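To start, the structure itself, in structure tokens.
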Amino acid sequence: MRYFVKKTRPSKRGEYLQIYQSIYVPGKGSRNRSFEAIGYVSDLIAKGIKDPIAYAKERVDELNSFHKLAKEKQIGQASTCKNVGYFLAKSMFDYLNMDRDLNIVASTYKSHYEFAPFLKTLTYAQIVGPGSKQYLFDRIIPNLYGVEQYSYDQILDGINFIGMDFHKYIEVLNHFIAKKWDRNLNIALFDCTNFYFEIDEEDDFRRKGPSKENRHDPILGMSLMLDGDMLPLDMDLYPGNLSEKPFLRKRIEDMKTRNEIKGRVIQIADKGLNCARNIYSAVKEANDGYVFSKSVHGKNLSEIEKQWVLLSDNDINKWTEVKDNEGHLKYRYKECIDEFEYKCLVNETDDKETKFKVKEKRIVTYNPALAAKQKREINKMVDRLTNKITYKEIVREELGDAVKYVNLKATTKEGENVKIATSLNQEKINEDLAFAGYNLLVTSETNVDAKEIYSAYHSLWRIEHSFRVMKTQLNARPVYVSDKKTVFGHFLVVYYALTIMRLVELKVFEDKIPMEQLFDFIRDYKISENYDGTFINNATETETYHQIKEKLGLSKLGNVYLSKRDIDLILKTEF
């Protein structure tokens, strides 16, 4: 193989210079193909290149010299790896075919590039190698095979722009998902989490509050909603010091408006979102239903309800057992239907609480495996507390979640008023041990079978898994950007990456390949350019590798040697 300069005169603009590559094709002999455009001689002279032809020949000499050295290298010393595994995300974007609408929505953004490819490139980079925007610019985007390159300033400016109105881009994504699949919008699963920032000072939206990681850094709250098919449907961001409860009402209302939903929506959420105001909103204002969990001990449950939870079998409180295929007990449940009274402030300006009654089904479940786990955790915590209280005074702030298991007294220590642990709260310890393994669900859907309610509630694991994917696989924390709009734009890219990957997982591979394995494949499938213009496949063959190859009919996916045409066909995989 060698390189040479080709001169042509395609127009009145004068002589045009190109570098051609001469390669040997087995059975066909020598073939020439265009390798690199140098440009018009007149344009090159205008740029200050006095002798364009000599300039082109120097480039050819450099390429031929590099080729000579490359032939002497081992295969393991081939050129820098390029990622091609992102084709799974690219193919899903191609299938959704929403470039035109994305470009129209972003038409006010004055840039020198199309917006849709920019957003897709950022999404690919977040999937392939998440990190700071500097890291994406330096290390990830340049190594995505065949994508357009952007400057660091363009990346920051673009993310800042989409952060100004990120809900529009979520609405576009939802619109095109709905065009491809019938979405189950009669069920909305909802939960909240938070993300920390490694900064010292708070601002108007990064505020100190209860952190899921028990950190003391300023945090930003995120609410996430899934539809009944477990696909992301909406998200919102809020200051870290605010309660998450109002955001359930806000997001449900917005979701119904944007998707023109006229019927009832069953809201499913964990105990953290269960409050009288949200129940009032669901049944009295939105005419919706709900499935919430409720704490079985503590102040949130009356003494009568606690007694009902713990009552053993009799004619009134009969337990139904659910067993696995081998006959082992998975869980047991009992249920009752009654009217329950609630009270709340309907408007923040009200001085008087509104009382209302709701007909509810309550389902209590007992899981023996969960009971054993919770008892181990309680006993372990108590053992640690016993040792600490024996040897020293423990300040309340040092106890964390274990504070509920001690008795406290006020005292002065080093000139400050503090509360210290004096003894164990045995009554609370006994109560938590008694209620270990129990869970209580409250629902407005009194005519729905208890096992169906239980199954619907446990679908919340998908939303918890989504948060875990965001925080681990997509590396959404800690957040490396600081401007509010840029932070919101960052989370939009993370949301797009999560949604695209969930679509690939559920709609393409029918929930048979876990998302974590899809991430592993995407990040591992790389190629290196060989000295003869072919490419070497560096990917490791795994079970996931073969499942993808078989499902998508990609016969050459596992070949060691791939041509440029082979790679282009992989990147054009159709779902």
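Note: hydrogens, waters and symmetry copies are ignored here, and every other heavy atom, side chains too, is used. What you see is a predicted model, and the numbers here were worked out from it, not measured in a lab.
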Atom CG in N103, atom CZ in F115: separation rounded to 0.5 Å? 8.5 Å
Supply the atom-to-atom distance L518 CG to Q547 CD, rounded to the nearest 0.5 angstrom. 9.0 Å
How about Y457 and D270: does a side-chain donor come under 3.5 Å of a side-chain acceptor? yes
For Q134, I'd like to know if atom CD has over 12 heavy atoms of other residues, nucleotides or ligands within 6.0 Å. yes
Could you tell me whether a side-chain N or O of N530 sits under 3.5 Å from a main-chain N or O of T534, the two making a donor and an acceptor? no
Minimum heavy-atom distance between L96 and F176, given as atom pair plus value: O-CD2, 3.2 Å
Would you say the side chains of N83 and R523 form a donor-acceptor pair under 3.5 Å? no
Could you give the distance from CG (L552) to CZ (F87), rounded to the nearest 0.5 Å? 6.0 Å
Looking only at heavy atoms, the pair that brings N475 and G131 closest together is ND2-CA, 3.9 Å
Chi angles and distances behind the salt bridge (Lys or Arg N to Asp or Glu O under 4.0 Å) call for D568, R565: CA-CA 5 Å; D568 289 342; R565 182 175 181 276; over 6 Å; no
Regarding H175 and R258, do their side chains bring together a donor and an acceptor under 3.5 Å, going by distance alone? no
Backbone of N537 reached by a side-chain donor or acceptor of N559 within 3.5 Å: no
Side-chain touch F190/I252, heavy atoms, less than 4.5 angstrom: no
So does L571 get a backbone contact from the side chain of Y145, meaning a donor-acceptor N/O pair under 3.5 Å? no
Between the NZ atom in K57 and the CD1 atom in I53, the distance rounded to the nearest 0.5 Å is 7.0 Å
Using 30° and 60° as the class limits, which term best fits the ring planes of Y124 and Y86: parallel, tilted or perpendicular? tilted
Close side-chain approach of T193 and L224, heavy atoms under 4.5 Å: no
Establish, for the pair K471 and F195, whether the NZ or CZ atom is under 6.0 angstrom from the six-membered ring centre and no further than 45 degrees off its axis. yes
For N184, check side chain to side chain donor-acceptor pair (under 3.5 Å) against everything at least two apart and list the hits. none
Under 6.0 Å between ring centres, would you say that holds for Y561 and F535? no
Short N-O contact, D236 and K250, less than 4.0 angstrom: yes
What's the spacing between F118 CZ and D157 CG if we round to 0.5 Å? 8.5 Å
Treating S455 as the side-chain partner and E452 as the backbone partner, does any N or O pair qualify as donor plus acceptor under 3.5 Å? no
Applying the side-chain hydrogen bond (donor to acceptor under 3.5 Å, both in side chains) test to N278, which of R249, K245, Q267 qualifies? R249
Side-chain donor-acceptor pair under 3.5 Å between S563 and D566, yes or no? yes
Can you tell me how far CZ of R502 sits from OG1 of T499, rounded to the nearest 0.5 angstrom? 9.0 Å
